[in-house]
Amino acid sequence: MDTTNEIESNLPLTETTYFILLSLAPGRRHGYAIMKDVRQLSHDRVVLSTGTLYSALKRLLDQGWIRRAEDSANNANSRGRKDYGLTQLGQSILEAEIQRLQGLVSVARSRILENTA
Amino acid sequence: MDIRIVHWLTRLYDALLRLYPRSFHSEFAEEMREVFAQAAGEACGKSALALGQLCLHELIGLPASIARAHRQARAIRQASGGRLHHANPLERSWSELLLALAVFLLPAVMILVNRVPSQVPAPAMPRLESPVIFLFLVVMIAIGRLGGFPLWSLPYVGIVLVIAGYLYLFQWVAALITPSLISNFSAVPMDRSAYLLLEAVSTGMLWLMLFCLTLLVVALLAVFNRFQPLLKRVRHDWTQLSFILYGESVFALLLLFENHRFDASYTIATLFFLVAGIWFYLRCAARWQRLLALLGGLTLAVGIVALGNWPGTAAGQWTSWSQLRPSEIGRLLLSWIWMMVALLLPGLLSRLPSAPPRTRSPGPPLHPSG
């Protein structure tokens, strides 16, 4: 399966996956930061439990959408803490999902404008 | 709020994380514990309500996440050709060990609970052991079936087989051949040797039938693709067949020593030694060690039952060997010997020469010359 097909076959993303990928889009984050960021991005609508977050992270790691790296600021307070970042495939999937959502929104907007005009 | 609560909750959460599959636990548990501790610390700084909400949220999310992780782990195991056994038994998860041990631990705990004097009048408190144990068996078999009968579930399979085997198959076979046995034995006065011979035949018949039934069920299960890994595992490690038979022993012990002279403490001790056998079976790496664990556990369990059945035990008056009826010693030894034979039979089967590999017959030439 080539990359384009792989991306398309995985769309649409679940809300949890979408927000996790979106949270990692600016750069690497550790688990707790992802959890807080997802909550903030979704305006408190998606509140991940630790179990749900790590189940999702494992799946994304297995699919090769994210990669893991040891925390660069590894110290006594962050023992065992690891950062997660998007892979090229993960980045492409997120972009494709955003494009898809933009397409949906633009269609909806144009239809609503037609009706109101 | 007291920060000690956070430490306590984190330790509790850490214990719950052991319910995840071993691979998931070793990969993520440390991180998850740290994330939980951070979140709990932050919530603790806000209010008790925030901490309560966080714990509730985590508790609600955990079962689904654990189930998902087990499903993924099972899919990976099945994809890798059903290699469901661990190369290193020490890597076995605690949940797997507990599930396996619970097969004999639960009855022991229920007996202990029943011994505690209750404030509730007897008629108001119905005896719940049988329904609870039956429900427990059904649930465990259902979970085991979903996982393609992993190692921990094999003693449960054994218990179901022995119930079905004894209640239906053995009774049916016994009804067929007992008339001829009785006619043979009733012709002569029933002396000690005749009694022991009859005992040897009936006990042996029971155990050989259980062995054949176990073999048959494993082979029949392999007809379904879902359970092919079970047959592969048994062919790879024949002690797993002995492990199923070991599960059958608990019911057989109760059947063979139907006098029930021994009190609850002897039953608990018997179950304890059976549990010890399972524990060592799951922790040993070599086949001979695993088999030895089963043989040892069962021998000690039979020993306890014998002690409980010893004349005079109940009254606290011990009978010496010389005063014991030889028929009782013989009956005890026969039962033990047949149990050992049944556990060792899978090992003998594995020594049989296997079928030669199929060779493809030379077909017609693909491209006829000319």
Side-chain angles (χ1 to χ4, degrees), chain A residues 1 10 13-17 19-20 23-24 28-85 87, chain B residues 3 6 9-46 50-77 79-80:
Chain A
M1 195 191 289
N10 282 298
L13 299 179
T14 63
E15 207 169 20
T16 306
T17 307
F19 278 120
I20 290 174
S23 169
L24 295 175
R28 285 162 29 173
R29 281 179 201 274
H30 56 80
Y32 188 53
I34 298 171
M35 218 156 92
K36 288 180 81 171
D37 199 37
V38 165
R39 187 172 184 161
Q40 199 184 351
L41 284 170
S42 67
H43 304 291
D44 285 348
R45 210 160 43 76
V46 179
V47 183
L48 297 175
S49 71
T50 316
T52 312
L53 171 69
Y54 277 90
S55 291
L57 288 179
K58 176 164 175 53
R59 184 172 46 78
L60 296 175
L61 279 168
D62 290 345
Q63 286 173 316
W65 295 7
I66 62 171
R67 63 170 175 270
R68 187 166 37 187
E70 292 289 338
D71 190 350
S72 51
N74 208 355
N75 54 40
N77 292 329
S78 62
R79 186 166 52 89
R81 197 161 84 172
K82 292 178 180 70
D83 278 356
Y84 296 88
T87 59
Chain B
I3 197 75
V6 174
L9 285 171
T10 308
R11 288 180 72 175
L12 187 70
Y13 186 74
D14 193 28
L16 288 173
L17 290 179
R18 292 192 177 277
L19 295 171
Y20 277 97
R22 184 78 190 177
S23 56
F24 190 97
H25 184 270
S26 58
E27 195 175 355
F28 295 109
E30 203 177 337
E31 274 182 81
M32 289 173 80
R33 184 173 55 240
E34 192 175 325
V35 168
F36 178 82
Q38 265 187 293
E42 202 175 294
C44 183
K46 287 178 188 167
L51 187 61
Q53 276 179 336
L54 174 83
C55 291
L56 192 67
H57 185 59
E58 290 289 345
L59 269 180
I60 291 169
L62 211 55
S65 163
I66 290 169
R68 201 177 305 126
H70 275 284
R71 219 170 30 241
Q72 282 175 354
R74 196 173 61 240
I76 291 167
R77 284 197 300 261
S80 63

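Convention: sequence-line order gives letters A, B, ...; per-chain numbering from 1. Computed from a predicted structure; not experimentally measured.
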Enter the distance from [X]:[atom1] to [Y]:[atom2] here, rounded to the nearest 0.5 Å.
X       : Y       : atom1 : atom2 : answer
A:Ser55 : B:Leu62 : OG    : CG    : 9.0 Å
A:Arg59 : B:Arg68 : CZ    : CZ    : 8.0 Å
A:Leu48 : B:Glu58 : CG    : CD    : 10.0 Å
A:Lys58 : B:Ser23 : NZ    : OG    : 5.5 Å

Q) For A:Tyr32 and B:Val35, which heavy atoms make the closest approach, and how far apart are they? A) N-CG2, 3.7 Å
Q. Heavy-atom distance under 4.5 Å to chain A: side chain of B:Ala69, backbone, both or neither?
A.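 Looking at B:Ala69, nothing touches chain A.
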Q | Segment of B:Glu27 engaging chain A (4.5 angstrom heavy-atom cut-off) | A |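 Interface part for B:Glu27: both.
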Q. At a heavy-atom separation under 4.5 Å, does A:Leu61 approach chain B through its side chain, its backbone, both, or neither?
A.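 For A:Leu61, the side chain is the part near chain B, not the backbone.
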Q: Find the one option among A:Ala33, A:Gly31, A:Gly51 whose heavy-atom pairs under 4.5 Å with chain B are most numerous.
A: A:Gly51
Q. Just wondering, do B:Gln38 and A:Met35 contact through their side chains at under 4.5 Å, heavy atoms?
A.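 No, every pair of side-chain atoms sits at 4.5 Å or beyond.
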Q. Does A:Tyr54 reach the side chain of B:Leu17, with side-chain heavy atoms less than 4.5 Å apart?
A. no
(Q) Among A:Thr50, A:Leu53, A:Leu57, exactly one meets side chain to side chain contact (heavy atoms under 4.5 Å, CB included) together with B:Met32. Which residue is that? (A)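 With B:Met32 as partner, A:Thr50, A:Leu53, A:Leu57 yield a single side chain to side chain contact (heavy atoms under 4.5 Å, CB included), made by A:Thr50.
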